[in-house]
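Below is one structure, written out as structure tokens; comments come after it.
Lettering of chains follows the sequences in order, A, B, ..., and the numbering in each one begins at 1.
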Amino acid sequence: MISVSKLLTDLDAEGDGLRYDAAEESTKAQIRDEKQRRPVVVWNVTKQCNLYCDHCYAAADTDIADGELTTAEGKALLDDLADYGAPVILFSGGEPLVRQDLEELVAYADEVGVRPVLSTNGTLITEERAASLKAAGLKYAGISVDGLPERNDDFRGMEGAFDGAVQGIQNCLDAGLKTGLRYTITERNAPDLEGVVDLLTDVGVDRFCFYHLDYGGRGTEIVDADLTPVERREAVERVCDMTREYHDRGEEIETLLVGNYADAAYLVEYAREHMGEAQARRVYEYLRVNGGDPTGERVADVDYQGNVHLTQFWQGYSLGNVRDRPFGDIWEDESNPLLGALREREDRLTGKCADCRYSDVCRGGSRLRALTVEDDLFAPDPQCYLDDDEIRGPEPFAGGDATSPAD
Amino acid sequence: MGELDHEVDAPRGATSREWEVFCREASADPLTHVGSVSAPSADIAREQATRLFAHAAEALWLCPADETVRVQDESLALDPDSDGADATMDEQAMHDETLRGEAE
């Protein structure tokens, strides 16, 4: 997760508070001084969903699936996560609001000190549920919209899904709940990007997360509908331009890019071109400390049956199951050679990643996409859109003061 | 040690059959459980596991998760008294609730 607005406009990124231990709302010092040590945990509380989206990584369906963790098991999991020191729990699905105990689980997470946040399609968020989630202690709701109305509804398999999501957003904002957009960029919806931001800004949304498609679940089936490298670069440039334009007009929006750490390198190059060498150095240092692709380290996933995954998108492989062992024991068990290799991946990366000068801020990007497309765990991320002359050469700002603050 | 009288028999595998994977890094090493892969057949499970562990393994063993008996000390269970009842809406309720907020 890369906060474009923070890096390019110095806006204080709520994103940090959502990801890091937010016992104190100001987390600047933690971010700068050390990498996050415990993962944000995504918990797919159910596989069931009321929509059927083309790109769903969880391959969710309308049927109830066997083996969901019960309310009591869920609370025991939250106890485990609290003991381990997980800073944030992201309730996801399926559609998490189909679980009628969601508020109970949110309240319990808040009680044991794991910051509860939510990822939802928004169409089940009535005024009552927005209010009850807020009262339970929910800190943030990220609501998925993937294009202007017609395109979004087509993607999500339901007419009216766009209006339903916007109403859900409105209900959250009315309840006083911090609310943001989740937008997965593909070839089909890239043209709608600015239009959706303009429309939702008018509703009152001020946080926009743009996801690159990862190749898990049904996302694997639409790899062909993904952006080309040239289109991806243009889309990311538009996010950067749009962020600065809003800022220049005095409208503070927060924009984030998620799921492709070529973006980290691109942001350094963008800052250098548009804002000068000093800003580029600050951007680089910030991103270097944050540490590049988080798979198997700063993000973890527990599915509805308790299987632990390397990221929420990588559902086809599980490290173990929380019904067998506590989460922390599974996550710390580096006798698993895959876990060890991912955490020490720098020396294993091949092709253009092997000598990329931005490897410190990227770490090869998505290993899942490399595996899916190249059949090779350590091949370059097929979504990398950097030019050869950006990849080659000495490490940017080598010899600089690595501990200098980013702002 | 414990009595190993708690059996974990909850289903696993979100989209297809789940296969437990065991890996031996060198012939003198123990065979170690290294997680599981989802695959509809043993051949595909073997392919999946090989892609993930060939860089480290001299040998891989695979076993269908639904043929694996898992018993353990009760203290390890997430919730030994759990009755298996789930808290998810039934399908009709889910559809009734969808877009209700928008209709209000």
With a 4.5 Å cut-off on side-chain heavy atoms, are F53(B) and N336(A) touching?
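N336(A) reaches F53(B) side chain to side chain.
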
Do the non-hydrogen side-chain atoms of Q315(A) and S38(B) ever get within less than 4.5 Å of each other?
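Not touching, per the 4.5 Å side-chain cut-off.
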
Is chain B contacted by the side chain of [X], its backbone, both, or neither, given a heavy-atom distance below 4.5 Å?
X	result
D333(A)	neither
S318(A)	both
R325(A)	neither
I330(A)	neither
L319(A)	backbone
R129(A)	side chain

Sub-3.5 Å donor-acceptor pair from the side chain of R51(B) to the main-chain atoms of L371(A), do we have one?
yes

Could you go through L78(B) and D324(A), starting from their C-alpha distance and side-chain angles, then the distance that decides it, and tell me whether this counts as side chain to side chain contact (heavy atoms under 4.5 Å, CB included)?
CA-CA 8 Å; L78(B) 205 51; D324(A) 297 325; over 6 Å; no

Quick one: pull up [atom1] in [X] and [atom2] in [Y] and give me the separation to the nearest 0.5 Å.
X	Y	atom1	atom2	value
D90(B)	Q48(A)	CG	CD	8.0 Å
M89(B)	E95(A)	CE	CD	9.0 Å
E18(B)	N307(A)	CD	CG	5.5 Å

Need one label for [X]: side chain, backbone, both or neither, based on atoms under 4.5 Å from any heavy atom in chain A.
X	value
E25(B)	side chain
T32(B)	side chain
Q48(B)	neither

Among the listed options D101(A), N121(A), D329(A), the residue most often paired with chain B at heavy-atom distances under 4.5 Å
D101(A)

Heavy-atom pairs under 4.5 Å with chain B: which of D66(A), D375(A), D376(A), D80(A) has the most?
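Going by pairs under 4.5 Å, I would pick D375(A).
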
For H55(B) and R348(A), work out which heavy atoms get closest and say how close.
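So the minimum-distance heavy-atom pair works out to ND1-NH1, 3.6 Å.
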
Walk me through whether R70(B) and N321(A) qualify under side chain to side chain contact (heavy atoms under 4.5 Å, CB included).
CA-CA 11 Å; R70(B) 295 138 72 197; N321(A) 189 288; 4.2 Å; yes

